[in-house]
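Only this structure's heavy atoms are used, side chains among them; waters, hydrogens and symmetry mates stay out. Each chain gets a letter, A, B and so on, in the order the sequences are listed, and its residues count up from 1. This is a predicted model, so every value here is computed, not measured.
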Amino acid sequence: MSSALLPKPQMRRLLARRMKFHLFGAFFVSVGCAALYKFGIAEPRKRAYAEFYKNYDPMKDFEAMRAAGVFESAPPK
Amino acid sequence: MFGFSSKKGQKISSLAFLFYRQVENSVISLLYVQCLHLTLAYLLLFCPDRMLASRAFSLVGKRAISTSICVRAHGHAGVVKAEDFSLPAYVDRRDVPLPEVAFVRDLSAQQKALKEKEKASWTALSVDEKVELYRIKFNESYAEMNKGTNEWKTVLGGVLFFLGLTGLILIWQKHYMYGPIPHTFSDEWLSAQTKRMLDMRINPVEGISAQWDFDKNEWKK
């Protein structure tokens with residue numbers, strides 16, 4: 001052992017320090033996850049649906065499906 | 001307390017006196033007689049049935065049975081040796097800073113001398129002696145206790161090895177054991193199936209029909 005003393009380690013408020021660190025961490029991690037989901041998945045999905053239904057004509061779609069022959073009760077013309 | 005005031009107690013005490021009177025040998029010590037008295041009193045208190053049995057046998061072989069009863073009641077010669085695992089033990093744990101016993105149980109002569117020196121002023125101890133005293137009391141320091149190992153490499157290696165072995169077994173199974181897959185997995189069937197899905201406009205917003213360009217009849221770029 002060296003003759004010089006080691007610096008005195010942190011003795012008090014260890015749990016408080018750990019709790020503060022983990023509280024902040026937990027808050028930011030959870031908010032980050034929520035934000036990532038919202039802007040990575042939820043918003044694009046909403047936009048995709050809006051785009052799809054902006055100029056959607058169901059009758060035209062139906063006629064295209066009928067022509068392909070997928071309906072039993074509505075045969076192609 | 002011993003019940004000698006009661007009628008039964010008086011009978012017992014008089015019987016013990018009779019035993020003593022019957023013994024001619026002068027080697028019999030007062031302690032033996034006291035042991036007998038106390039034994040009979042204890043037995044009267046705790047085991048009445050044994051009392052009757054001992055009273056019955058007393059006239060025949062009182063010395064032998066009395067000795068065994070005496071030993072049983074006092075337990076001088078019949079103590080069971082305490083097993084190591086039932087005694088307080090030393091343990092290296094982060095949450096137990098001061099274990100119940102010191103690490104070194106049997107000190108050498110040198111260590112005993114050091115322990116004697118420890119009883120005097122501690123400023124007289126050298127650094128090496130202090131370290132030696134620490135090592136007598138503790139096995140590992142906190143730094144040594146908390147030190148990580150390379151065990152994770154072994155674990156990871158073992159896991160990957162067995163995963164690979166399982167993969168080899170699965171390949172062997174597929175080649176030698178399983179029969180053919182269903183005909184619905186053939187290329188013709190799959191392309192016909194995909195065409196039908198597109199005709200039905202399956203998942204038109206985000207899924208397969210959204211990837212197909214219906215005007216040009218090809219997949220979207």
Side-chain angles (χ1 to χ4, degrees), chain A residues 1-23 25-26 33-77, chain B residues 93-98 114 117-118 122-147 184 188-221:
Chain A
M1 273 216 198
S2 63
S3 54
L5 285 173
L6 292 169
K8 187 171 178 181
Q10 175 76 348
M11 304 287 270
R12 294 177 185 275
R13 296 182 62 86
L14 294 164
L15 181 65
R17 191 179 68 183
R18 179 197 156 85
M19 270 193 94
K20 194 160 71 164
F21 175 80
H22 280 91
L23 276 172
C33 284
L36 270 175
Y37 183 86
K38 182 176 168 69
F39 295 111
I41 298 171
E43 286 301 316
R45 188 174 286 162
K46 283 194 259 183
R47 251 181 287 130
Y49 272 82
E51 284 297 317
F52 180 78
Y53 283 109
K54 200 160 58 165
N55 300 318
Y56 182 59
D57 185 9
M59 290 318 295
K60 180 159 154 268
D61 215 29
F62 167 72
E63 291 302 331
M65 281 199 262
R66 179 199 228 176
V70 292
F71 292 127
E72 280 185 20
S73 48
K77 292 205 187 55
Chain B
R93 282 180 59 124
R94 275 165 34 194
D95 50 354
V96 180
L98 293 170
L114 188 56
K117 198 176 173 194
E118 194 193 12
W122 287 342
T123 51
L125 295 168
S126 75
V127 172
D128 289 325
E129 284 173 336
K130 286 178 193 168
V131 173
E132 175 63 24
L133 283 168
Y134 181 87
R135 290 292 169 189
I136 289 173
K137 208 165 171 86
F138 302 103
N139 179 22
E140 280 183 324
S141 66
Y142 262 73
E144 290 162 4
M145 211 194 295
N146 295 340
K147 193 172 57 175
T184 53
E188 304 85 37
W189 191 282
L190 282 178
S191 51
Q193 182 177 298
T194 316
K195 171 132 181 47
R196 189 171 151 78
M197 280 170 74
L198 293 170
D199 289 340
M200 290 198 283
R201 305 296 192 271
I202 297 291
N203 224 340
V205 183
E206 279 187 318
I208 189 169
S209 304
Q211 311 290 335
W212 180 260
D213 193 343
F214 286 97
D215 302 319
K216 290 188 219 156
N217 237 2
E218 60 186 7
W219 290 110
K220 282 185 188 167
K221 299 292 179 289

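For B:K130, the NZ atom is densely surrounded, since the number of other residues' heavy atoms within 6.0 Å is greater than 12. Heavy-atom contacts from other residues, nucleotides or ligands closer than 6.0 Å to CZ of B:R135 number more than 12. The environment of CE in B:M145 is crowded: more than 12 heavy-atom neighbours from other residues, nucleotides or ligands sit within 6.0 Å.
Of the two parts of A:A67, neither the backbone nor the side chain holds a non-hydrogen atom closer than 4.5 Å to a non-hydrogen atom of chain B.
With sequence neighbours excluded, no residue satisfies salt bridge (Lys or Arg N to Asp or Glu O under 4.0 Å) with A:K60.
Smallest separation of non-hydrogen atoms from A:M65 and B:D199: CG-O, 3.2 Å.
The distance from atom CZ of A:F52 to atom CD of B:E206, rounded to the nearest 0.5 Å, is 11.0 Å.
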